[in-house]
Visitor: 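Before we start, here is the structure in question, set down as structure tokens.
All values below were derived from every heavy atom in this structure, side-chain atoms included, with hydrogens, water molecules and symmetry-related copies excluded. What you are looking at is a predicted structure, and each value in this text was computed from that prediction instead of being measured. Here is how names work: the chains are called A, B, and so on, in the same order as the sequence lines, proteins then strands, and each is numbered from 1.
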Amino acid sequence: MSQHSPGGIMIIMGTFIIALMLSQIPLPIFLEWWRPEFVALFVIYWIMALPQRFGVGFAWLIGLMLDVLKGSELGINAIAITTIAFITLLMHRKMRMYPLWQQAFVVFLLIVVNQFIFYWFQAVTGTTAGNFTFLIPAVISALMWPWVFVMLRSIRRTFKIS
Amino acid sequence: MKPIFRGGLPRLSFILLIIIALGLLVSDYRGDSVRPVRSVLSVLLTPIQWLVDIPTKIADDISMVLLERTALIKDNNQLRSSSIILERKVQQMTVLRAENIRLRELLNASARVDDKVLLTELIGVNPDPFQHQVILNKGSEDGVFVGQPVLDAGGVMGQVVEVSLYTNRTMLVTDGRHALPVEVVRNGMRAIALGNGNHGELDVTHVPDNADIREGDVLVSSALGGRFPYGYPLAKVVYVLRDPSRKFMIVKAKPLARLNNSRYVLMVGEKPKPEPIVEIVSPIQSLEEGS
């Protein structure tokens, strides 16, 4: 485990660039609430898989980038993503043992935390949020989790990132 | 027994990172002190926005290539006829403009200058459903500034809220935080059009119960806020409710700009120059100097 593949970090950053792009792709208006939180999903996966390499610092930087892309006040996404990264770090051993559907449920709860933090800060800084529609992405993200998991695992295995 | 996680967990760094993020958040909310950080990061992330835009561009190109000849001819004819109509209007315009200038001179009003226009392409949409923002491909390099009005062929789209080197972020008029002073073309009644966070709808607020406003009225920017030039169309009134139990009427308007599917937009106006400092010379002093 101590031997890190040198290209590994580039591959991980590559997956995050893809996640950031996915979070930016324009969707039609009726689908705008149905966008999975790809960046958060990828953070959860990489922390679960490689907790010794991918920590809260990384998550924080990724969150900051998301803030810039989303145009939210700097730091909101950083706080949300770092928090769920920390929770994942707390329970990554348990999560690895779970079957996929159970992992998906944990992911649902994590994304709920993420959404609550994000929209709570958004509301404090002046954007109106009336109802609970902002929890739809948590459901969609949980449904997406098995695919994200399998895809990232195959990437990790192909490039032997450890 | 020692718990498994003790020691391995970066509790301290987690708390530190959260505190730093909170600091950034507060200073971003309160002022401009972190604007440099944001603009550096957004220049770094601009390639991502370009990459995201590539599929749309390619799709556009492909549909251009695949356009049928008959459709092209039809389009062309349509454009030609509309251009003739517009040209006729422009012919009248020159006369009208001259007349307008003459009348304004008679009234001693300041002459209206043509606005400078910059053609811009839309390269992204803010994914956050609560924020109606788009990303345009002109930045401070091209002279874009915060507060600059953005229009499309239909009317006012919004204003610039954030500028980086090569891109800018424009808040649309339907964003819940946007407000625009307007007036009714028919009678010059002033009002304020607020975005309410719904696509394709604006609230016209604080219209007194006896005001003369009807469905179908066109609202234009009134230039009272000092940001938008006078007279660009913003919206058409689609709903008026006169309810005696309320102090104000409920008025809804529909934006005339195609906020969701305009790809080419115009940015008007020039960065306001700081007022030159003029030394005030009292008449007595100037008399003394003259003698």
Visitor: Between Gln131(B) and Gly71(A), what is the shortest heavy-atom contact and its length?
Guide: OE1-O, 3.9 Å
Visitor: Applying side chain to side chain contact (heavy atoms under 4.5 Å, CB included) between Val68(A) and each of Leu41(B), Val43(B), Val37(B), Leu44(B), report the one that passes.
Guide: Leu41(B)
Visitor: How about Val124(A) and Tyr29(B): do any of their side-chain heavy atoms sit closer than 4.5 Å?
Guide: no
Visitor: May I ask you to check whether over 12 heavy atoms, not counting those of Tyr166(B), lie within 6.0 Å of atom OH?
Guide: no
Visitor: Can you name the nearest heavy-atom pair linking Met21(A) to Ile48(B), along with the distance?
Guide: CG-CG2, 3.7 Å
Visitor: So with a 6.0 Å cut-off around NZ of Lys252(B), is the heavy-atom count from everything else above 12?
Guide: yes
Visitor: Above 12 or not: heavy atoms from other molecules or residues under 6.0 Å from CZ of Phe248(B)?
Guide: yes
Visitor: Checking Asn77(A) against chain B: side chain, backbone, both or neither under 4.5 Å from a heavy atom?
Guide: neither
Visitor: For residues Thr83(A) and Phe14(B), report the shortest heavy-atom separation together with the two atoms involved.
Guide: CA-CE1, 3.7 Å
Visitor: Taking the side chain as every heavy atom from C-beta outward, state whether Gln122(A) and Asp128(B) have any atom pair closer than 4.5 Å.
Guide: yes
Visitor: Closest heavy-atom contact between Ala78(A) and Ala21(B)?
Guide: CB-CB, 4.2 Å
Visitor: By a 4.5 Å heavy-atom criterion (distance strictly below it), what part of Arg38(B) contacts chain A: side chain, backbone, both, or neither?
Guide: both
Visitor: Please give me the minimum heavy-atom distance between Asp28(B) and Ser72(A), naming the atom from each residue.
Guide: OD2-O, 4.4 Å
Visitor: Atom CD1 of Ile81(A) and atom CG of Leu17(B): how far apart are they, to the nearest 0.5 Å?
Guide: 13.0 Å
Visitor: Do Phe134(A) and Phe130(B) have their ring centres less than 6.0 Å from each other?
Guide: no
Visitor: Given heavy-atom pairs under 4.5 angstrom as the criterion, report whether the side chain, backbone, both or neither of Ser23(A) touches chain B.
Guide: backbone
Visitor: Starting at CG of Leu74(A), measure out to CG of Leu24(B) and round the result to the nearest 0.5 Å.
Guide: 6.0 Å
Visitor: Can you tell me how far CG of Leu90(A) sits from CZ of Arg11(B), rounded to the nearest 0.5 angstrom?
Guide: 6.5 Å
Visitor: How about Trp33(A): does its CH2 atom have over 12 heavy atoms from other parts shown lying under 6.0 Å from it?
Guide: yes
Visitor: Picking from Ile17(A), Ile76(A), Leu69(A), Leu20(A), which has the most non-hydrogen pairs under 4.5 angstrom with chain B?
Guide: Leu69(A)
Visitor: Run the side chain to side chain contact (heavy atoms under 4.5 Å, CB included) check on Ile18(B) and Phe86(A) step by step: do they pass?
Guide: CA-CA 11 Å; Ile18(B) 293 288; Phe86(A) 186 71; over 6 Å; no
Visitor: Looking at every heavy atom in both Ser13(B) and Val56(A), which two are closest together, and how far apart are they?
Guide: OG-CG2, 3.8 Å
